[in-house]
Amino acid sequence: MTFQIFKAFPPDREGPVAELHATSGDEAEIPIQVFREEGNVRARIFDASGGVAWEFELSDLLDGLRQAAKVIEA
């Protein structure tokens with residue numbers, strides 16, 4: 001798995017976003033945006049067609065991933 005991260009300035013945002021692209025060889029790419037909105041840091045995950053599939057508070061998403069990791073470590 002390779003991660004590429006860069007700063008972007010999409011026209012629909014008031015400020016910059018961090019674009020994170022996760023790729024694995026010739027497998028599908030998973031684009032994620034991390035951005036600030038109304039003082040909160042959010043993560044937006046796009047589906048294969050480029051539409052928004054999910055949007056979370058970044059801290060909630062990270063907490064959920066940590067909890068999931070603990071479940072399989074037990």
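Note: hydrogens, waters and symmetry copies are ignored here, and every other heavy atom, side chains too, is used.
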Name every donor-acceptor pair, under 3.5 Å, that has one atom in a side chain of residues 13-20 and the other anywhere in the protein, sequence neighbours excluded.
| residue | atom | partner | partner atom | Å |
| --- | --- | --- | --- | --- |
| R13 | NH1 | E37 | OE2 | 3.2 |
| E19 | OE2 | Q33 | NE2 | 2.9 |

What side-chain donor-acceptor pairs closer than 3.5 Å can you find for residues 54-66, not counting sequence neighbours?
| residue | atom | partner | partner atom | Å |
| --- | --- | --- | --- | --- |
| E55 | OE1 | R44 | NE | 2.8 |
| E55 | OE1 | R44 | NH2 | 2.8 |
| E55 | OE2 | R42 | NE | 2.9 |
| E55 | OE2 | R42 | NH2 | 3.4 |
| E57 | OE2 | R42 | NH1 | 2.6 |
| D63 | OD1 | R66 | NH1 | 3.3 |

Q. Does I32 reach the side chain of F46, with side-chain heavy atoms less than 4.5 Å apart?
A.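 Contact flag for I32/F46 side chains = no.
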Q: For F6, enumerate each residue passing the ring pair (Phe, Tyr, Trp, His ring centres under 6.0 Å) test, keeping only those at least two apart in sequence or located in another chain.
A: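 H21.
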